[in-house]
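All values below come from the heavy atoms of this structure, side chains included, with hydrogens, waters and symmetry mates left out. All values reported here derive from a predicted model rather than from experimental measurement. All ligand and atom numbering here is 1-based and tracks the order in the structure.
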Amino acid sequence: MTPPKPTPRPDKVSLWRYMKLFRKDILSAQPQRLYRAWMAEFRTPFFRSYLINQPELIETVLKKRPDDFPKSDRISEGLRPLLGDSVFLTNGETWKRQRRIIDPAFEGGRLKDTFAAMHAAGQAAVDRLQPQAGSVVECEEITSHIAADVIFRTLFSVPIEHEVAAQVFDKFHSYQREQPILNLAAFVPLPKWLPRLHSRRTRKNANEIRKLIQHLTAERAELIAQGQAPDDLATKIMTTRDPETGHGFDMHEMVDQVAIFFLAGHETSASALAWTLYLMAMYPEWQDRLAEEAAALDTPDFAVMSRLKLSRDVFREALRLYPPVPMMVREATCPERFRDREVLKGAQIVISPWHLHRQERLWDCPDAFDPTRWETENGKTCQRNVYIPFSAGARVCTGAGFAMIEGPLLLSMLLRHYRFELVEGQTPVPVAHLTVRSKDGIWLRVVER
Ligand code: HEM
């Protein structure tokens, strides 16, 4: 029994059928051979896209020459109404300036300061689950709630029960249902000049979310001016000046950044944690080991993280099997030659952590759940070269360090109090929405330990 994987499509299908499959789900729309291919080409009448699945090519695009492969505009379109000019979407000098202001807030030393807020969110989750003990629960909903709580507490020092926080959370949910992170435009031949129309609901939702965030941000600016702001991520980012220009974010730009922190910060962690819980239910012997290790949480301070080692290995393995961001797209700004193939200027380059993490020519037992692999030669080599749940290079996820504290900590806190068990007939099917989710939710029985 290996962890659930979507059934791939047949090798040859018409473009029309491919588009239909793609619209349903990008993971099952791909053929089996992509798990072995070093590179694949998608030819369409208007443009070409290439999936790269080889360590050297990944290194070129993400690490060695990121400036030559900026984020593709085609991908940004769906998210632009909500995220504006957030660091997730910008390129070039604007992006570099934004990272100079944001990155210090997420540096190692600062992350230590977020521990108490993360722990409080974990405790609140443990308490919320108590009345449901003994019953079957939908884990994605539960982990979304926890991860959103973590973001509100660490960014703005407010729990999810805060009225504005709760509204933002609800509205994000509806927005997400309408906007896959990877839209069809990355793969299919829509000419660039075709205007992209966002549905009225999408725009209305985006506007409402932005208004709420603006309210939080304006309130914070006032507290900073009065010298009474709490020392959290929002204060840190809003008071940091770009060392090169001396300017910080203006209000509008800060709202863009807050929007991406909410979105990138809670959707991804929620997806990862939900799949980890499912894996724990599949492998109860691992679950018991983690519960035992979690006794270290008797002393809940940052130092405990170094003792939650199994939890970290398990979470890392879950991120390999179910990378929350399954694919990323870049654009070639000059003609290239990849594996003896011509890559034209303007071509879309697809990097798929989903396929790379299960590349049959690189990983030992790629579809198996094995948290001990990180100690093996093969695991170490693959981790260095082709393990990219947070991307890699200059554009690596700002929240990677944050997420690697949050995930293992929350996992350990939940498993310390509860056991999660499989429910017969409820095998989740991974699909790519905004992040990798289960087609019909992840249902498990939760039992008090
Ligand atoms: C398990 C959790 C997470 C995963 C797997 C994840 C994954 C990723 C990936 C793959 C990217 C690159 C996307 C691309 O290049 O197209 C990214 C970017 C980003 N992530 Fe995360 N992320 C996680 C958590 C977080 C958290 C907690 C935050 C903030 C609090 C965050 C903030 C961001 C931001 C701001 C970017 C844009 C960086 C840039 O383009 O320069 N992420 N994330």
Closest protein heavy atom to atom 39 (C) of ligand 1, given as residue, atom name and distance to 0.1 Å: Arg99 NH1, 3.4 Å
Give a yes or no on whether a salt bridge exists between Glu267 and Arg437, defined as a side-chain N under 4.0 angstrom from a carboxylate O. yes
His162 ring center near Phe156 ring center (under 6.0 Å): no
What do you reckon, are the aromatic ring centroids of Phe42 and Tyr50 less than 6.0 Å apart? no
Number the atoms of ligand 1 from 1 as they appear, then name those within less than 4.0 Å of a heavy atom of Pro389, with their elements. 5 (C), 7 (C), 10 (C)
For the rings on Tyr278 and Phe420, is their centre-to-centre separation under 6.0 Å? no
I need the nearest protein heavy-atom contact for atom 30 (C) of ligand 1: residue, atom name and distance, please. Phe106 CE2, 3.7 Å
Give a yes or no on whether the ring-centroid distance for Phe390 and Phe402 is below 6.0 angstrom. no
Atoms of ligand 1 less than 4.0 Å from Arg330 heavy atoms? 14 (C), 15 (O), 16 (O)
Does ligand 1 have an atom under 4.0 Å from some heavy atom of Ser269? yes
Evaluate the side-chain proximity of Leu308 to Arg312: yes if any heavy-atom separation is below 4.5 Å, no if none is. no
Ligand-side contact atoms (ligand 1) for residue partner Lys71, heavy atom cut-off under 4.0 Å: 13 (C), 14 (C), 15 (O), 16 (O)
Quick note on ligand 1: atoms under 4.0 Å from a heavy atom of Val87 include exactly 35 (C), 39 (C), 40 (O), 41 (O)
For Phe402, atoms of ligand 1 separated by under 4.0 Å from a heavy atom: 27 (C)
Nearest non-hydrogen protein atom to atom 37 (C) of ligand 1, with distance, is Phe88 CD1, 3.5 Å
Residues which pass side chain to side chain contact (heavy atoms under 4.5 Å, CB included) with Gln426, listed by chain and number, not counting sequence neighbours: Val423, Trp443
Does the pair Glu331/Lys71 count as a salt bridge with the N-to-O cut at 4.0 Å? no
Do Val446 and Arg419 come close enough that some side-chain heavy atom pair is under 4.5 Å? no
Please say whether Trp95 places an N or O atom under 3.5 Å from an N or O atom belonging to ligand 1. yes
Name every donor-acceptor pair, under 3.5 Å, that has one atom in a side chain of residues 353-360 and the other anywhere in the protein, sequence neighbours excluded.
unit_1: Trp354; atom_1: NE1; unit_2: Tyr35; atom_2: OH; d: 2.8
unit_1: His355; atom_1: ND1; unit_2: Ser352; atom_2: OG; d: 2.8
unit_1: His357; atom_1: ND1; unit_2: Leu319; atom_2: O; d: 3.4
unit_1: His357; atom_1: ND1; unit_2: Arg320; atom_2: O; d: 3.1
unit_1: His357; atom_1: NE2; unit_2: Ile388; atom_2: N; d: 2.9
unit_1: Arg358; atom_1: NH1; unit_2: Asp367; atom_2: OD1; d: 3.1
unit_1: Arg358; atom_1: NH2; unit_2: Leu321; atom_2: O; d: 2.9
unit_1: Gln359; atom_1: OE1; unit_2: Arg361; atom_2: N; d: 3.0
unit_1: Gln359; atom_1: NE2; unit_2: Ala37; atom_2: O; d: 3.0
unit_1: Gln359; atom_1: NE2; unit_2: Asn53; atom_2: O; d: 3.1
unit_1: Glu360; atom_1: OE2; unit_2: Gln32; atom_2: NE2; d: 3.2

Measure the distance from atom 40 (O) of ligand 1 to every protein heavy atom, then report the residue, atom name and distance (to 0.1 Å) of the closest one. Arg395 NE, 2.9 Å
Near atom 21 (Fe) of ligand 1 (under 2.8 Å) - protein N, O or S atoms: Cys397 SG
The side-chain hydrogen bond (donor to acceptor under 3.5 Å, both in side chains) partners of Arg241 (sequence neighbours excluded) come to none
